[in-house]
Amino acid sequence: MLAMSSIDPKTARFETRAIHAGQSPNPENGALMTPVYLNSTYAQPAPGEPIDGYEYSRTTNPTRTSLERNLASLEGAAWGLCFASGMSAIDSLCARLSPGDHVVAGLDLYGGTYRLFTKKYQRFGIEFSFVDTTDVANVAAAICDRTKYVYVETPSNPLLGITDIAACAELAKKAGCPLVVDNTFASPFLQSPLELGADLVLHSCTKYLGGHSDAVAGAIVGNDEGLREEIAFYQNSCGGQLGPLSSFLILRGTKTLALRMERHSESAMAIAKFLEGRDEVEKVIYPGLASHPGHEVAKRQMRHFGGMVSFELKTGVPGGKAFSMATRVFPLVEVPPIMTHASIPAAERRAAGMADGLVRLSVGVEHIDDLLADVERGLVAAAAAVEPAATA
Ligand SMILES: *Cc1c(COP(=O)(O)O)cnc(C)c1O
């Protein structure tokens with residue numbers, strides 16, 4: 001029978017909440033999905049008395065509300081806010097800072113986050129300390145009495161560094177500032193930062209939450225009502241809200257999140273093990289491998305180890321380039337030295353732990369045999385690649 005009431009959020013498991021939380025069938029016709037409310041303004045039964053607070057869609061929109069409730073449920077949060085992009089979410093987070101405030105942030109943050117912090121907010125007098133958060137002693141040492149956020153990404157990208165969320169939460173609590181975790185790479189299915197003591201969880205929904213490469217979106221979820229009010233104030237002031245069609249697409253994406261993350265993780269583990277046994281490969285970086293320095297922490301705070309695998313080819317930059325050109329199934333082969341991190345001088349890149357032969361694979365949900373055959377093709381091409389002769 002089609003139940004007309006929503007699920008019990010206290011007893012329903014993740015997979016069930018993913019499909020139902022934030023949505024209930026339309027009582028007039030039974031339609032299961034929240035419609036795309038292409039709507040800017042709302043009629044009010046009496047002036048100043050909008051229905052459920054719906055006045056204007058920059059502030060709230062019913063499709064967005066459905067997604068916000070769905071994401072809050074998946075992260076075990078009291079509230080959620082959805083933004084036009086992950087960057088827009090981080091921007092609203094920073095908008096509540098004032099000149100002189102200080103942020104402790106991870107060293108290998110998403111490039112766009114680093115750009116926003118250093119090119120925009122540093123100009124407005126916000127100070128950032130970028131530290132290797134995989135060693136919490138670095139976080140402890142960087143916190144000062146002006147620190148307003150501890151901001152971490154785990155697993156990080158492309159080096160898949162693992163930061164101990166519970167340990168950072170303790171430090172942030174002592175300092176009286178919120179711990180923000182960018183949970184994009186793990187997704188709420190693999191990691192629940194709020195349960196580990198974090199105050200705010202941030203997502204680029206563009207990635208795993210959406211899951212179909214068809215929408216750009218961001219989100220922040222949390223439990224503290226004061227923080228929600230402040231962040232929502234800046235979101236509404238700046239107009240960084242997520243539109244109704246994208247809200248609908250992300251809401252559709254979260255229904256299969258659990259299925260996808262299980263497959264991503266299973267295939268990534270198989271590929272990591274395959275790479276470990278290959279002569280062309282110098283080193284494999286995957287939090288699921290016992291050889292990963294963050295393996296024990298990852299085991300503690302993640303349900304599976306995720307879909308990202310990085311590795312170093314023995315043939316350096318030419319090897320990485322040849323690998324990426326030879327693969328056909330993997331659309332998301334990332335070769336940091338010539339792509340995302342090309343603007344960083346080679347010596348600096350190496351000092352930050354990024355080998356010349358570094359390649360990052362985003363392991364999809366294609367058949368594992370096709371993925372492995374693709375990796376094999378890439379490795380054969382990489383082995384044949386040679387450094388161009390040095391020119392005088
Ligand atoms: C993509 C990404 C972002 C930025 O999100 P957009 O939706 O692209 O604006 C932030 N953090 C991480 C970890 C990301 O991968």
Side-chain angles (χ1 to χ4, degrees), residues 64 67-68 71 75 80-95 103 105-121 128 130 133-134 149-163 165 168 179-191 193 198 200-221 231 234-235 238-243 245-247 249-251 253-254 257 260-261 264 268 287 302 305-310 331-334 336 339-341 360-364:
R64 194 163 89 239
L67 175 61
E68 289 171 343
L71 295 180
E75 287 283 8
L81 291 168
C82 286
F83 296 80
S85 66
M87 291 323 304
S88 170
I90 302 168
D91 193 52
S92 283
L93 196 68
C94 292
V103 175
L107 197 57
D108 55 345
L109 291 180
Y110 176 72
T113 307
Y114 181 77
R115 180 176 58 195
L116 183 73
F117 287 174
T118 54
K119 299 286 188 214
K120 179 176 178 184
Y121 284 98
F128 294 86
F130 297 100
T133 58
T134 62
Y149 288 129
V150 173
Y151 186 101
V152 305
E153 267 177 42
T154 181
S156 69
N157 178 39
L159 292 173
L160 305 178
I162 300 292
T163 293
I165 296 173
C168 285
L179 169 66
V180 185
V181 176
D182 183 333
N183 205 24
T184 300
F185 268 53
S187 91
F189 182 62
L190 300 188
Q191 184 167 275
L200 295 170
V201 175
L202 190 134
H203 278 287
S204 167
C205 312
T206 315
K207 319 289 167 54
Y208 287 126
L209 285 169
H212 294 76
S213 308
D214 54 10
V216 173
I220 299 175
V221 305
I231 296 165
Y234 288 107
Q235 177 188 42
C238 306
Q241 79 291 339
L242 186 63
L245 180 58
S246 296
S247 298
L249 289 171
I250 305 296
L251 199 52
T254 62
L257 181 70
R260 288 185 283 110
M261 293 317 295
H264 285 304
M302 298 178 78
F305 300 103
M308 298 290 170
V309 180
S310 291
L332 297 175
V333 176
E334 218 268 280
M339 293 167 71
T340 44
H341 296 70
R360 192 213 68 193
L361 297 176
S362 173
V363 178

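Residues: numbered from 1 along the sequence shown. In listed order, ligands and their atoms are each counted from 1.
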>> Under a 3.5 Å distance rule, please check whether E334 uses its side chain to pair with a backbone N or O of M339 as donor and acceptor.
In response: no
> So, D91 versus Y121: side-chain donor-acceptor pair below 3.5 Å or not?
Replying inline: yes
>> With a 4.5 Å cut-off on side-chain heavy atoms, are Y151 and F117 touching?
In response: yes
> Does any N or O in the side chain of T134 come within less than 3.5 Å of the main-chain N or O of T163, such that one atom is a donor and the other an acceptor?
Replying inline: no
> Are any non-hydrogen side-chain atoms of P188 and L257 less than 4.5 angstrom apart?
Replying inline: yes
Which N or O atoms of ligand 1 sit under 3.5 Å from a protein N or O, and how far apart is each pair?
unit_1, atom_1, unit_2, atom_2, d
ligand 1, 5 (O), S204, OG, 3.0
ligand 1, 7 (O), G86, N, 2.9
ligand 1, 7 (O), S204, OG, 2.8
ligand 1, 7 (O), T206, OG1, 2.7
ligand 1, 9 (O), G86, N, 3.0
ligand 1, 9 (O), M87, N, 2.9
ligand 1, 11 (N), D182, OD2, 2.7
ligand 1, 15 (O), K207, NZ, 2.7

> Is Y149 reaching over with its side chain to a backbone N or O of L93, donor-acceptor style, under 3.5 angstrom?
Replying inline: yes
